[in-house]
Structures are given as C-alpha cells and as structure tokens.
Amino acid sequence: MSEQQYQVLQPVIVTSTSLKTYTGDVILNGCLKAASVTEKDSDGVVLGLKSDEGPVSLQDFYLGELRCSSFVSSARNKLWWMTPHWGSQARDILPETQFVLMQTREDGPYIVLLPLIDSGTYRATLRPPSKGVDTPHSLHLRIESGDASVKASKWERALYVAAGNDPYALLDAAVAKAAALSGGAKPLAQKQVPKSLDVFGWCTWDAFYWQVSAKGIMDGLQSLLDGGVPPKLLVIDDGWQLTEVEEPHRKAAAAARIAAAAAPQNPAVAEGLTGGDPNALSHHTEASEPHAATPSQSEPNILPQNMPRSDSSATTSSSSSNSANGAVSKGALSSAQHWLIELIGSLVSKLMYALNSVLSSVEIPGWALQGMSALAMGPLQKKLLQLYAEGGDHSRRLSSVAANGKFSSIQAGPDEPWEGKQEDLADVVRHIKKKFGVELVYCWHALHAYWSGVSPTALGTQTYGSQITYPTPTPGVLELEPSMTWNPQIVAGIGAVPEPTQLHKDMHAYLTGSGVDGVKVDVQATVGLMGSKLGGGPSMTLKLLCLAPDDLMSQNPVLCLAPNPAITTKAYQTEMCCRMENTAVARVSDDFYPTDAASWTCHLGICAYNSLFMAPLVQPDWDMFHSKHPAALLHATARVVSGSGVYVSDKPGAHDFELLRRIVLPDGSVQRPLLPGRPTKDILFADVLKDNKTLLKVWNINPVNGVVGVFNVQGSSWSRKKRAFYTHDPNPPVLQTLVTPTDIHTFAQSSSAPQHFVMYSDQSKHFTLAAHQEELTIRLQPGKSDVVTVAPVFGVGGEVQAACIGFVNMLNPGGGILKVTMDQAQGSRGFAVCEVLTKGCGDLMMYISQSPLLVTASGCRVTFTYNDNQRMLTIELPQASDLQRLVRIEL
C-alpha cells in the first residue's frame with residue numbers, strides 16, 4: 001500500500017470480541033458473538049452472519065454495542081428515497097439505514113459502516129435497538145432476500161467496516177470497495193460522465209406532467225430561446241409513451257385525461273409562482289407518498305395524497321354488471337340496494353385512497369394492515385383501480401414501445417382526441433434539433449418499462465410474455481409506508497416480463513431510430529417490489545441491470561440502460577446503486593416539489609448529505625427546479641456548486657431570465673465545478689435542518705479556484721412520524737458561519753497548498769485577502785444563500801501577486817476560468833504577464849497587486865478598471881461568437 005493509500009484507509013483491529021480503530025478506539029463491542037470476520041485486509045473488515053434458526057428469508061441480528069461520539073447516516077424514508085440522519089448512539093439509527101459515517105471521539109479517526117448485498121440475493125440494512133429489550137447502544141442488522149421463498153442460513157458478506165483520517169478519501173475508497181463486494185459498480189472516477197451535465201437543460205415534467213405533447217414542447221423551447229437562454233438538453237419526461245389501464249376502466253380514464261387537458265389553468269401555474277402556497281398547483285409525487293400540505297378547506301381532499309390531481313377525479317359508475325365486490329349481480333338486487341352498495345364501496349375506497357393523512361402519526365398494528373390489504377385486494381379492488389385509473393398513471397402499463405398520439409406531429413397537443421393517432425416521434429425530434437438548436441434529447445422510461453409494467457394483452461407488447469404479479473412490500477417498507485398496502489402497483493399488479501432483454505432492446509432501438517440521444521431511467525424501487533414474488537428485490541434488480549446486449553452498447557453507449565443513462569432516478573437503494581457498473585449520474589433526493597413549501601429548503605440538505613454516500617459511485621443529480629419561484633435563487637445557487645447538471649422545469653413563459661443568465665452562458669453551456677458537492681468537514685455531524693445553529697456549507701473546486709455554497713436551510717425536514725415534509729419551525733433564526741480557505745478540502749489536505757487566498761462573497765460583492773486559516777463571516781436569513789469563491793494567490797518573484805475570482809455576473813464566478821499562468825515579461829516593457837484562459841462574458845474580476853499596463857482579449861484591447869485601495873481589477877468581456885478567450889494582462 002502506498003503512503004497516500006495508507007493515509008486514506010487505516011487498519012481495523014479485530015480482537016476476540018470487538019472491532020477497534022488503529023488508535024485503539026472501540027467501534028463495535030461484542031460483535032463477534034453474533035458475527036464473524038469473513039474477510040480482512042489493510043483496507044477494512046467484512047462481517048458475515050449465520051442463522052441459528054436454519055434457512056430464513058429475513059432475520060435481524062444483534063451486531064454489538066456501537067461506540068461513537070457522533071454519526072451521520074442515510075436511511076430509506078419511503079420505497080423510493082432516502083434522507084440523512086444524525087445521532088450519537090445506536091438508538092438514533094433509523095430502520096433501513098444503508099450508510100453510516102461516524103467518529104468514536106471528536107478528534108478521533110473516521111469510521112464507515114456499509115451494509116452489503118450478499119451473493120447477489122440478500123440485502124443488509126442497519127437497524128436500531130429493539131424497544132424495551134436492548135440498551136441504547138445495541139446495533140442490529142437485518143438481512144433479507146425480499147421473497148419469502150428465497151432463504152439461506154449463512155451470509156458471508158453482510159457489513160463492511162473501514163476507518164481513516166480523511167473523511168472524503170475514506171468514503172471514496174470504502175464505498176467503492178463495498179460496491180465491488182455487493183455488485184461491481186465502478187467508482188465515479190472510472191466512469192464516463194455524459195456531456196449532458198455541461199449544458200443547460202429543460203425537463204417537461206412540472207411544465208406539463210402527463211399532458212406533455214409535441215406542441216407544448218415547441219412552446220417551451222421557443223419561450224426559453226426568445227429569452228436568450230437556449231436549452232441544449234431536452235428531457236421528455238413521463239407522458240410520451242403509449243400505455244393503458246385495465247379494460248373496465250379505460251373509458252373513464254380516457255375521459256379523465258381529456259377533461260384534465262381541457263381544464264382551465266390555475267393562475268399560479270400560468271405565472272410559474274406559488275407565492276408560498278403549497279396548494280397552488282399539483283406536483284409529481286410517487287404512488288404512495290403524502291403531500292405535506294394541509295388540503296384546502298374549499299376543496300375536500302378525497303383523492304390520494306400521492307398523485308397529481310385531475311379535475312375529473314370524481315368516481316364514475318362502472319359499466320360492469322357486477323357490484324364493488326364482484327360477487328353480487330345487479331339483477332339480484334333492487335336499484336336502491338345496488339346504489340347503496342356502490343356508494344359504500346366508493347366511500348370506503350376513497351377513504352383508503354386518502355388514508356395517508358390519517359396514518360401520519362399513528363402506529364398501525366400488523367393485523368390492521370392485513371385487514372386493509374384484504375380489503376384492497378378483495379371487495380374494494382375494483383373501486384380502487386377505478387380511482388387510480390382516473391387520478392393518474394401509476395396503474396397503467398406499457399402497450400407499445402412507440403410514442404403516443406401526442407407526438408403524431410409537431411402541432412399535436414393534449415387537448416384533442418389523440419388516442420389511436422399514428423406517432424411520428426422521429427419527425428418531432430428532428431424538428432426540435434433543427435429549429436431550436438437542441439443537441440441532446442432524452443426520454444423517460446421506467447426500468448421495467450412503465451409504472452405498472454408491461455401489458456400482457458396489448459397488441460404492441462404481447463410478444464414479450466408479460467405476466468401480472470401482485471407484489472408484497474417488505475416489512476421494512478411497510479414500517480416506513482403503511483399505505484403501500486394499497487399502492488396502485490400492489491392493487492393493480494405489475495406486468496413483469498420474464499426475459500426483458502428483447503423489450504429493452506426494442507425500446508432503445510425505437511428511441512435511437514427516432515433521434516433520441518439518451519434516457520432518464522426511473523421507478524427502480526418498483527423492481528425491488530416486483531421481486532417479492534420473483535426471487536427477491538436484489539435478485540430481480542441485478543437481472544434487469546445486466547440485460548443490455550453488447551451490440552446495443554456498441555451502437556450507442558449513452559442509450560444503453562446499464563452503461564450510461566443520462567439521469568437515473570430512485571436508484572439510491574444498495575441493490576441498485578452498488579450494481580450500476582457504468583452509470584455515471586443518479587438522483588440523490590426526493591423530487592423538487594414546486595408547491596410543497598416545507599420541502600424547498602430541506603431538499604438541499606438531503607442532497608448534500610446523501611452525496612456523501614452516493615458521490616463515490618455517481619455524479620449526484622440534485623433534480624430540476626423552477627427559475628420563477630420563491631425558492632429559485634436558493635435552488636439555482638445549490639445547483640451551480642453541486643456539480644450536478646443544471647436543468648429547469650419551467651412552464652412556457654414562466655421564466656426568470658435574469659436569474660437564468662447567471663447560470664447559463666449564451667451558447668447554452670454551464671460553468672460546472674469539477675467534483676460532486678459535499679458538506680464541509682466542520683459540519684459533517686451537524687443537523688443543518690433542525691439544530692437551529694448550523695448553516696449548510698457545500699464545497700467544490702473549479703479548474704483554478706474553489707467555491708463554497710452557504711445556505712440557511714433550517715426549519716423544515718422530512719418527518720418520519722408524519723411521513724411528509726414538515727415545517728417544524730416556521731420562524732427559523734438568522735444564522736452566521738465562518739468560511740475559511742480550508743473549507744475547500746483540496747486546499748486543506750496538501751502541505752504544498754497555497755498559503756494566501758482571496759475570498760469573494762456573491763451576496764456582499766466584496767472580497768477579502770486571507771491567509772490559509774483566516775475566516776470570512778457569512779450571515780444569512782432563513783431560506784437564503786451565498787456563494788463564496790476562494791481563489792489562491794500566486795505570483796512572480798514575490799513582487800507581483802494575483803488571484804483570479806472569475807465572472808462575477810455568474811453565480812459560480814470561477815467556473816469560467818479554465819487556466820491561469822504568470823511569467824516574467826520579456827523585454828523592457830513591464831515586469832510580468834498574466835494570461836487567463838476564460839469561457840464566458842461579463843465582468844471578469846481579479847486581485848492584482850499593481851495596476852496593469854495593458855489588457856487584451858484574444859489580441860484585442862478591452863476596457864478595464866482598477867481599484868488601487870482594494871487592488872481589484874475588473875475587465876469587461878462583451879459577448880462574442882467565441883466565448884473562450886485568452887486574456888493577457890501586462891503588468
């Protein structure tokens with residue numbers, strides 16, 4: 001092991017009963033009573049487990065007494081997503097925890113605990129002590145296949161434990177090792193990052209939801225182009241595919257779609273603003289998740305709190321001759337009796353449909369969940385399916401690999417009869433690229449094709465042999481979301497294709513032939529759910545991730561599902577992220593919800609801390625946002641320091657072009673920093689959402705300087721009791737923090753790092769000359785943000801010093817500085833020459849110790865000003881056809 005590697009991973013010491021750090025601090029005491037060390041090297045320790053009960057599909061094991069002073073973790077909070085959590089004892093560990101970074105003492109080494117996937121089939125997660133049985137320090141681990149018929153009694157790889165001095169280097173190495181043990185995902189450093197990350201994008205989801213159409217896309221692209229902010233990436237989200245519901249509900253579902261398309265638009269939607277009103281417009285939530293907001297008094301919330309609303313959401317009577325329970329014929333009852341049964345069935349179904357709000361703060365006993373499941377899959381199934389069919393798309397199945405009739409021409413819209421029309425996605429895409437200069441078009445699809453799978457009866461999909469399976473959520477998922485019992489995919493079943501290779505090959509061949517460049521892959525957690533009857537979630541996920549044929553990879557590696565999709569969502573669970581061999585981009589948080597005010601600030605904290613776990617394997621994607629929105633600046637600031645792709649989901653005409661021009665260059669490119677953004681070292685174990693004292697700081701580096709984003713995100717968080725985003729403090733405090741050059745971890749870890757820096761605050765528009773450990777105070781109101789650029793000072797001969805801040809008209813000024821050199825001047829004129837390779841336009845700001853004699857850009861003189869007191873040089877670089885220019889400063 002090299003000296004650098006030795007500093008990254010330090011040995012974990014194994015004694016007869018415990019695991020210790022190389023400094024002698026106990027990590028787990030008594031762990032070897034229940035577990036055994038199955039692998040050990042200089043990089044860490046792997047623990048295995050053995051059941052005394054014989055073969056089981058699920059078992060909880062006592063791991064020992066956890067000893068730590070503080071930890072940060074990431075735990076699943078619903079079927080689809082995970083959130084960070086902080087604590088200091090095992091009792092603070094949450095169910096379904098997938099990652100723990102901790103310290104045994106404040107100045108001690110860092111330790112990481114990573115549950116593994118064993119034998120490709122069994123998924124491990126950490127759990128808290130059993131109530132009333134264990135001590136507060138008792139740590140447990142659950143291992144499960146996800147299918148009651150798939151059992152084992154011994155697991156060689158259940159938990160990986162590693163330690164080191166540097167938390168970021170430790171995580172990079174340890175998570176990569178855990179992924180190699182669990183499924184073979186390569187580290188991010190070995191993956192090809194798609195070029196979509198470096199251009200501005202527009203996603204159709206919040207703009208149209210399922211009503212997306214060719215005409216709407218044309219309107220949106222034209223709107224952005226007219227404002228001088230040309231998107232180079234278009235993501236056509238859910239709504240473009242041809243899908244269907246079960247036969248009895250197709251007529252009502254079609255009527256609901258037409259009514260929704262023709263419904264008058266909410267003024268808040270047209271303006272693109274919510275004004276802080278969380279009920280102003282609908283937003284995309286998963287099939288089982290509740291809104292955080294309280295329903296409007298004027299509109300009773302009888303629809304599920306988990307799907308976008310439709311004005312045609314009221315239940316219509318079924319044309320079937322059977323009653324709600326499917327057993328009593330209409331002819332055997334009087335009209336009054338039949339009407340009463342229908343009414344009771346409808347009311348009970350709607351009650352279950354909206355029951356998330358009731359379940360927010362109560363424990364649901366197992367017998368009650370079993371009863372609800374029996375109702376949902378028995379007498380109320382038909383009514384629930386009718387409600388799901390009318391209220392959204394989560395019970396729909398793919399009926400063709402081709403697009404639907406809303407893409408029959410460039411003028412096709414959602415407010416006209418389009419079902420049955422011949423699609424022409426290829427012509428639509430061709431027009432988009434030619435007229436609007438879009439370079440990359442991506443299309444959404446679920447990993448298993450669509451929300452409820454593939455239709456076994458549709459002419460376009462019969463050949464794939466889909467079989468309807470009715471999943472059973474794991475106990476861990478039901479613990480987090482009891483309403484999964486009547487989730488649309490549970491009640492409707494999922495159309496699972498036994499051998500999906502040909503399906504995906506056909507889907508991607510169609511998209512490639514239509515000129516589509518990539519895919520946004522979604523709904524991965526449903527694959528785990530689907531596996532409950534097909535060998536388990538880990539096994540099913542592995543099967544789908546390994547299906548891409550070699551010939552498709554060679555034709556278009558971006559389109560191929562396994563190697564490199566553009567954006568992967570809902571892929572945080574270890575059975576997914578540890579198997580994504582070449583996938584380079586994945587979401588790290590729940591959606592950006594434009595109407596859920598409680599989610600706006602905590603979204604950033606969730607992204608930043610989940611990135612600790614995900615960034616070693618993928619470039620974290622922080623999701624889209626809206627440019628015209630109460631939290632627009634907060635989210636725009638977060639995106640530019642995160643290293644994530646930058647894309648919005650504005651409705652046509654609803655844009656803040658002044659803000660967009662601070663993050664997007666005139667050619668449609670963005671100035672993205674080089675690394676995944678992560679919390680600074682001093683706040684790793686601070687709860688930036690709820691402790692009322694800590695500001696979130698996210699660090700990153702540009703080609704020449706560094707950047708720290710500072711955010712006041714106190715006041716809201718995900719409530720596991722309410723199962724919703726919740727504002728626990730409506731009046732969070734004004735807070736301040738100190739930013740130092742060493743917050744940029746790259747500047748702190750090397751003895752050869754620069755010793756003097758210039759720090760520039762975007763909020764105050766001032767910069768400070770600082771030594772290595774000096775501080776800049778940042779003070780922020782709730783929901784506000786700042787960007788601090790940290791530029792190293794360099795010089796020639798000790799007489800001339802300079803530091804390049806960048807284009808201060810941009811939110812990430814240093815992103816436009818590609819290279820800086822300074823040399824002694826040749827000849828008699830001047831003393832030194834500083835050359836700055838730039839990409840951008842606007843005001844280029846630098847610290848220079850003396851006034852320049854001459855400034856040129858690509859050989860042409862340019863205007864500049866110099867402030868002698870601050871030693872601040874500002875160079876005006878007007879917009880030009882070539883945004884990359886060499887600026888030469890003679891001193």
Side-chain angles (χ1 to χ4, degrees), residues 1 5-56 59-71 73 87-93 97-119 122 124-130 133-144 152-165 170 173-175 177-178 180-182:
M1 178 179 288
Q5 290 174 315
Y6 184 79
Q7 293 172 352
V8 171
L9 292 174
Q10 302 282 6
V12 173
I13 309 301
V14 179
T15 71
S16 58
T17 59
S18 64
L19 299 183
K20 296 183 178 181
T21 69
Y22 58 94
T23 57
D25 299 320
V26 175
I27 303 170
L28 281 169
N29 191 38
C31 62
L32 299 186
K33 296 178 182 178
S36 60
V37 175
T38 56
E39 297 181 36
K40 182 183 184 301
D41 57 26
S42 56
D43 290 346
V45 167
V46 176
L47 296 182
L49 298 166
K50 184 177 181 180
S51 173
D52 294 331
E53 302 175 12
V56 293
Q59 186 166 342
D60 291 345
F61 291 89
Y62 167 75
L63 277 185
E65 301 287 300
L66 182 68
R67 302 298 182 188
C68 70
S69 62
S70 55
F71 73 76
S73 63
S88 59
Q89 299 182 81
R91 68 179 177 186
D92 300 322
I93 294 288
T97 290
Q98 302 190 123
F99 148 78
V100 176
L101 175 69
M102 67 180 224
Q103 282 185 302
T104 54
R105 48 192 166 84
E106 188 172 345
D107 61 344
Y110 296 89
I111 302 101
V112 65
L113 308 179
L114 293 166
L116 302 173
I117 305 291
D118 182 76
S119 304
Y122 300 91
T125 55
L126 294 171
R127 298 183 60 81
S130 300
V133 177
D134 297 314
T135 72
H137 302 287
S138 299
L139 183 64
H140 288 250
L141 182 142
R142 172 172 291 178
I143 194 157
E144 59 186 327
S153 57
K154 187 177 182 181
W155 303 269
E156 295 290 335
R157 295 173 172 177
L159 182 71
Y160 177 63
V161 183
N165 297 319
L170 168 65
V175 173
K177 178 67 178 286
L181 293 168
S182 295

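Computed from a predicted model, the values in this text were never measured in an experiment.
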**OP:** Determine, step by step, whether L159 and L49 satisfy the side-chain contact (heavy atoms from CB on, under 4.5 Å) criterion, reporting the C-alpha distance in whole Å, the side-chain angles of both residues, the deciding distance to 0.1 Å, and the verdict.
**Re:** CA-CA 9 Å; L159 182 71; L49 298 166; over 6 Å; no

Original post:
Who are the side chain to side chain contact (heavy atoms under 4.5 Å, CB included) partners of A90, not counting sequence neighbours?
Top reply: L66, P129, L139

**OP:** Tell me, please, which residues at least two apart from T21 pass side chain to side chain donor-acceptor pair (under 3.5 Å).
**Re:** T23

Original post:
How far apart are the closest heavy atoms of V112 and A174, and which atoms are they?
Top reply: CG1-CB, 3.4 Å

Original post:
Is there side-chain contact between V26 and T104, with heavy atoms separated by less than 4.5 Å?
Top reply: no

Original post:
Just how far is it from atom CD of Q59 to atom CD1 of I143, taken to the nearest 0.5 Å?
Top reply: 9.5 Å

**OP:** Could you tell me which residues satisfy side chain to side chain contact (heavy atoms under 4.5 Å, CB included) with L181, sequence neighbours excluded, listed by chain and number?
**Re:** E39, V46, L116, R157, Y160, K177

Subject >> F71: partners by ring pair (Phe, Tyr, Trp, His ring centres under 6.0 Å), with sequence neighbours left out >> reply: none

Subject >> L113 side chain reached by T97 side chain, heavy atoms, under 4.5 Å >> reply: no

Original post:
Which pairs, with at least one residue in residues 9-34 and sequence neighbours excluded, count as a salt bridge (charged side-chain N to carboxylate O under 4.0 Å, His left out)?
Top reply: D25-R105

**OP:** Identify, with sequence neighbours excluded, every residue that meets side chain to side chain donor-acceptor pair (under 3.5 Å) alongside T135.
**Re:** E65, S138

Subject >> F99 and L114, any side-chain heavy atoms less than 4.5 Å apart >> reply: yes

Subject >> Which residues share a side chain to side chain donor-acceptor pair (under 3.5 Å) with S88, sequence neighbours left out >> reply: none

Original post:
In Å and rounded to the nearest 0.5 Å, what is the CH2 to CD distance from W155 to E144?
Top reply: 11.0 Å

Original post:
Are V14 and L32 side-chain neighbours, meaning at least one heavy-atom pair lies under 4.5 Å?
Top reply: yes

Original post:
Would the number of heavy atoms belonging to other residues, nucleotides or ligands and lying under 6.0 Å from CG of D107 be above 12?
Top reply: yes

Original post:
Would you say the side-chain atoms of S18 pair up with the backbone N or O of N29, donor to acceptor, closer than 3.5 Å?
Top reply: no

**OP:** Tell me, please, which residues at least two apart from D92 pass salt bridge (Lys or Arg N to Asp or Glu O under 4.0 Å).
**Re:** none

**OP:** For residues P115 and A124, report the shortest heavy-atom separation together with the two atoms involved.
**Re:** CB-O, 3.1 Å

**OP:** For H140, enumerate each residue passing the side chain to side chain donor-acceptor pair (under 3.5 Å) test, keeping only those at least two apart in sequence or located in another chain.
**Re:** D134

Original post:
So how far is it from S70 OG to M102 CE, rounded to the nearest 0.5 Å?
Top reply: 9.0 Å

Subject >> Validation row: L47, V37 side chains within 4.5 angstrom (heavy atoms) >> reply: yes

Original post:
Considering all heavy atoms of both residues, which atom of G164 and which atom of Y22 are nearest to each other, and what is their separation?
Top reply: C-OH, 4.2 Å

Original post:
Can you list the residues that meet the salt bridge (Lys or Arg N to Asp or Glu O under 4.0 Å) rule with K40, with sequence neighbours excluded?
Top reply: none

Subject >> Side-chain heavy-atom pair I111, V12 within 4.5 angstrom cut-off >> reply: no

Original post:
Between D118 and A158, is there a donor-acceptor pair closer than 3.5 Å when you use the side chain of the first and the backbone of the second?
Top reply: no

**OP:** Could you tell me the separation between the CG atom of L141 and the CG atom of D60, rounded to the nearest 0.5 Å?
**Re:** 8.5 Å

Original post:
Going from NZ on K154 to NZ on K50, what distance comes out if it is rounded to the nearest 0.5 angstrom?
Top reply: 6.0 Å

Original post:
side chain to side chain contact (heavy atoms under 4.5 Å, CB included) with S69: which residues, sequence neighbours excluded?
Top reply: Q103

**OP:** Not counting sequence neighbours, which residues clear salt bridge (Lys or Arg N to Asp or Glu O under 4.0 Å) with R67? List them please.
**Re:** none

